S.K.: 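I'd like to ask some things about the structure below.
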Amino acid sequence: MIRKIIVKESKEILRDGRFKIALGIVLVLLALAVFIGAKQYQNTQDQYREAENHERNMWLNQGEKNPHSAAHYGTYAFKPKYPLSLIDQGVDKYTGVSIYLEAHKRNEAQFSAASDQTGLSRFGDLTPDFILLFIVPLLIILIGYNSFTKEKENGTFSLLKSQGISGFKLSLGKWLATLLPIAVITALLFVLAAIILSTLKDFGNFHVATLLTLFLVYLLYYMVFTNLVLFVSYKAKNSGISLVVCLTLWIIACFVAPKTASNFADKKYPYPTRQEFATNVLKDKEAGLDGHNPFSKEAKRIEENLLKEHGVDSVEKLPFNFDGYIMQKGEEHEAEVYFKHYKVLKEQFYNQTKTYRTLAAISPFLPVRFLSMSLANTDYETHWSFADAAEKHRVAMQAVLNGDLVENSKTGDWDYLAQPELWEKIPAFSYEPPGLSENLRRNTGNLALLGIWFAITFSILFVVTKKI
């Protein structure tokens, strides 16, 4: 009986001209979005490799140079483009693609794609995640808003009852018939993405298991919407009311709830302004050791201890370059200052994220949004991880350069030039983003919320439709 209901509902859906037009539009948009995304991904990867190789060659071909001059010359850490950004670009366009690594200063990522866009970008981008998150739920509404109301309007409930069908079987048949075309469309998109990624020159860290997990997350999201739409259709008096209510739920779930949650989290845990942050960093820097000022109070204290430890009466008699030693100590102090203040920013970020995820209970859109970005490695948490890795590389780089100055030159000898072999001792920056298991672990709350959304809406739907 359930199979017959599915066949009957599917025929009615396919006969509907509005569905055919909407389906055609969605398929075209998905194809365009994936094609554009693939081109952008490939172009970005090519630019990334070119910039990475160019910057590395510039660093290795500096020639003879004072190590501290090389430290100020610096280099760049480039953020790689991850394969599943083809489906969900997340916050990548806003976070920047490279971090300048130099002495005495921790820089933020720069050259974000959003900074190069025109005002037209405010209308949004045609990306697969936009279609998956916003447009496909609309297609579910179009398919299912009159699933039960048409039975009321056509007077066929009595006919269905006379054939001995139960409310559960009827609801399950309609549920499967509504979900089936959505599942097929979504599967086609992910298969297309897998094919495109497998033909690109650089796979990056692409794993089929992650792509499959992302597909299952979106499928569960569509199940929740299917439950809501069919419930509204069953409760509504007619198709017109059902359509209006379903569209209202879509607007609240996909637009109002995310914006409200974001504003609430930002208001509860605000970030310091850029000026406040810079002022606080500078204040703590000045309160400690300045590597360029050997006459500061802290530098003099270190000098006295070293002279006593080595039994000499001047820094020139120390068995190492005191200037380089002080600069390294200054680097360590400044690194601690940046760690302290960026830790405050990260705490605010985690507080905002925790609040945001707590509010995810008000809409199924929110946990799916978090899960999608996290699995694609295009969320803020991955960006923070990249920035921290770049800072660790910067600190290690300064230690090598200052260490060479300390060991191989004398105090006051600013004409000392390191050999090109020194630059090779500093490895090229590399970053490995979190894997599938790590992303799932840090999103257990979102997975649970999405599961709860499905369990509650599914249970309510089949409880209220048990008796037709």
Side-chain angles (χ1 to χ4, degrees), residues 37 41 44-45 48 77-97 109 127-130 132-133 186-187 189-190 193-194 196-198 200 202-224 258 261-262 265 345-347 349-361 363-390 392 430-454:
Y41 173 76
T44 303
Q45 278 294 79
Y48 167 75
F78 294 97
K79 184 179 180 180
K81 190 75 170 173
Y82 309 116
L84 289 187
S85 63
L86 172 67
I87 293 177
D88 192 339
Q89 295 186 15
V91 298
D92 275 3
K93 65 182 289 186
Y94 305 103
T95 53
V97 297
T127 57
D129 64 286
F130 173 79
L132 290 170
L133 286 165
T186 309
L189 167 67
F190 279 84
I196 290 176
L197 288 171
S198 66
L200 294 176
D202 183 11
F203 270 73
N205 62 329
F206 171 62
H207 299 288
V208 175
T210 307
L211 186 67
L212 179 60
T213 304
L214 189 58
F215 166 72
L216 294 176
V217 166
Y218 276 108
L219 190 59
L220 191 57
Y221 175 54
Y222 300 145
M223 290 180 182
V224 173
S262 177
L345 293 183
K346 289 180 71 174
E347 287 175 353
F349 162 72
Y350 286 120
N351 286 331
Q352 283 192 5
T353 302
K354 185 178 179 180
T355 303
Y356 203 19
R357 290 178 176 176
T358 301
L359 295 172
S363 169
F365 174 94
L366 294 170
V368 174
R369 174 79 277 192
F370 281 120
L371 282 163
S372 181
M373 290 193 299
S374 182
L375 291 171
N377 284 321
T378 57
D379 59 341
Y380 273 117
E381 198 156 357
T382 300
H383 180 73
W384 272 112
S385 175
F386 160 74
D388 287 344
K392 289 179 181 178
S430 63
Y431 171 70
E432 188 69 24
L436 175 60
S437 59
E438 172 64 17
N439 285 330
L440 290 177
R441 183 194 62 79
R442 69 189 192 188
N443 281 279
T444 51
N446 290 318
L447 285 168
L449 272 174
L450 189 58
I452 291 171
W453 263 103
F454 170 74

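Quantities reported herein were computed from a predicted structural model and do not represent experimental measurements. Computed from heavy atoms alone, side chains included, the values below leave out hydrogens, waters and symmetry copies.
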S.K.: I'd like to check Trp384 versus Leu345 (side-chain heavy atoms, cut-off strictly below 4.5 Å). Are they in contact?
M.R.: yes

S.K.: For Tyr356, which of Phe365, Tyr350, Phe370, Phe349 qualifies under ring pair (Phe, Tyr, Trp, His ring centres under 6.0 Å)?
M.R.: Phe370

S.K.: Do Thr213 and Leu371 come within less than 4.5 Å of each other through their side chains, counting heavy atoms only?
M.R.: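 In short, these two side chains do not touch, never coming nearer than 4.5 Å.
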
S.K.: For the CG atom of Leu214 and the CG atom of Leu132, what is their distance to the nearest 0.5 Å?
M.R.: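 It is 8.0 Å, given to the nearest 0.5 Å.
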
S.K.: Once you round to the nearest 0.5 Å, how far does CZ of Arg369 lie from CG of Asp88?
M.R.: 4.0 Å

S.K.: Of all heavy-atom pairs between Leu133 and Tyr221, which one has the smallest distance, and what is that distance?
M.R.: O-OH, 2.9 Å

S.K.: To the nearest 0.5 Å, what is the distance between CG (Asp388) and NZ (Lys346)?
M.R.: 3.5 Å

S.K.: Would a 4.5 Å heavy-atom cut-off, applied to side chains only, mark Leu440 and Leu375 as touching?
M.R.: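 Side chain of Leu440 against side chain of Leu375, heavy atoms only: contact under 4.5 Å found.
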
S.K.: For residues Ala77 and Ala390, report the shortest heavy-atom separation together with the two atoms involved.
M.R.: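 Of all heavy-atom pairs spanning Ala77 and Ala390, the closest is CB-CB, 4.0 Å.
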
S.K.: If you look at every heavy atom in Pro367 and Asn446, which pair is closest and at what distance?
M.R.: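 Minimum heavy-atom contact is CB-O, 3.6 Å.
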
S.K.: Heavy atoms, side chains only, cut-off 4.5 Å: are Pro434 and Thr382 in contact?
M.R.: yes

S.K.: How about Thr378 and Val91: do any of their side-chain heavy atoms sit closer than 4.5 Å?
M.R.: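 Thr378 vs Val91: side chains apart.
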
S.K.: Could you tell me which residues satisfy side-chain hydrogen bond (donor to acceptor under 3.5 Å, both in side chains) with Asp92, sequence neighbours excluded, listed by chain and number?
M.R.: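 For Asp92 the side-chain hydrogen bond (donor to acceptor under 3.5 Å, both in side chains) partners, ignoring immediate neighbours, are Lys79.
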
S.K.: As an exercise, state the distance from CZ of Phe190 to OH of Tyr218, rounded to the nearest 0.5 Å.
M.R.: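 One gets 6.5 Å once the value is rounded to the nearest 0.5 Å.
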
S.K.: Are Ser85 and Asn377 close enough that some pair of their side-chain heavy atoms sits under 4.5 Å apart?
M.R.: no

S.K.: Might you point out which heavy atoms bring Leu366 and Pro258 nearest each other, and give the distance in Å?
M.R.: CD2-CA, 3.6 Å

S.K.: Would you mind checking if Asp379 and Arg442 are paired as a salt bridge, meaning a charged N to carboxylate O distance below 4.0 Å?
M.R.: yes

S.K.: Could you give the distance from OH (Tyr380) to CZ (Phe386), rounded to the nearest 0.5 Å?
M.R.: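 Those atoms lie 14.5 Å apart.
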
S.K.: Can you list the residues that meet the side chain to side chain contact (heavy atoms under 4.5 Å, CB included) rule with Arg441, with sequence neighbours excluded?
M.R.: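 Once residues adjacent in sequence are excluded, the partners of Arg441 under the side chain to side chain contact (heavy atoms under 4.5 Å, CB included) criterion are Glu438.
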
S.K.: At their closest point, which heavy atom of Gly96 faces which heavy atom of His383, and how far apart are they?
M.R.: O-CE1, 4.3 Å

S.K.: Just to verify, what does Ser385 make a side-chain hydrogen bond (donor to acceptor under 3.5 Å, both in side chains) with, not counting sequence neighbours?
M.R.: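 With sequence neighbours excluded, Ser385 shows a side-chain hydrogen bond (donor to acceptor under 3.5 Å, both in side chains) to Tyr431, given in chain and number order.
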
S.K.: How about Arg357 and Asn443: do any of their side-chain heavy atoms sit closer than 4.5 Å?
M.R.: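 In contact.
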
S.K.: How far does CG of Leu86 sit from OG1 of Thr127, to the nearest 0.5 angstrom?
M.R.: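 If I round to the nearest 0.5 Å, the distance is 10.5 Å.
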
S.K.: Would you say that Ser372 contacts Val217 through its side chain, given a criterion of any heavy-atom pair below 4.5 Å between the two side chains?
M.R.: no

